[in-house]
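Have a look at the structure below, then the notes.
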Amino acid sequence: MHVLLVEDDDELGTRIGRGLTQAGFVVERAANGDDGLELGLQPQIDIIVLDLGLPGMPGLEVLRQLRARGVTTPVLVLTARGTWVDKVSGLNEGADDYLTKPFHLPELIARLNALRRRSWGRASNLLEFQDLSVNLATGEVLLANAPLELTALELRMLKYFMSRVRHVISQNELVEHLYSVDGMRESNTIEVYISRLRRKIGADKIKTLRGLGYRFG
Ligand code: CA
């Protein structure tokens, strides 16, 4: 997940950059509008955090030009306190969200994750891994092009795994994700559900990492 951070305040930029890196994002930085625009055009950028008060090209102009060139990458704009006109202009120019300075990093991270989810839903309704695909809109699962029957819980689990390919997922994290489902409140039942899922999708797709949790893919 590549985040482009366009922020001219070096101290703030460093702090945000560090926080985002710790949260698992890959951060690219630009300290002025022109560099921001150039990097923002790169296809590997998944999301853009754009300060509006920038030296050189103003943030709003960066946003306008990105959108004019057909770039649909989600953009969260950073505005100074009290500049409501900036927020309105930012949203009018195609920003997806905004945050007023000063803000707490966890809030920025939460909003970026929400934007990522939204744009991911727009971009594709299909999760794919090797011979396995899940249609998020219909819940249909295909294994080697043949429909696969999963229980609601298995489907939920599979979607979670497939949206985090090669991530280490702890047992607690899984329990938390599946918590609202009845009968899934104890982590020792997770192993049972995992083995059922493995039997259906192929045992080698979910690895158990002793003491750490699981890894899909
Ligand atoms: Ca600034």
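Atoms within a ligand are numbered from 1 in the order they appear, just like the ligands themselves. Here the structure is a predicted model, which means the values were calculated and not measured.
Taking 4.0 Å as the cut-off between side-chain N and carboxylate O, Arg29 and Asp10 count as a salt-bridged pair.
Counting non-hydrogen atoms of neighbouring residues, nucleotides and ligands closer than 6.0 angstrom, the OH atom of Tyr98 reaches no more than 12 such neighbours. Open room surrounds CD on Glu38; 12 or fewer heavy atoms of other groups in view lie less than 6.0 Å from it.
Aromatic ring orientation, Phe161 versus Phe216: parallel (interplanar angle below 30°, classes split at 30° and 60°).
In the model, Gln22 has no side-chain atom that pairs as donor or acceptor with a side-chain atom of Arg18 under 3.5 Å.
Atoms of the protein (N, O or S only) found under 3.0 Å from the Ca ion (ligand 1) are Asp8 OD1, Asp51 OD2, Gly53 O.
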| Stepwise salt bridge (Lys or Arg N to Asp or Glu O under 4.0 Å) test for Arg15 and Asp9 | CA-CA 10 Å; Arg15 198 158 55 79; Asp9 181 327; over 6 Å; no
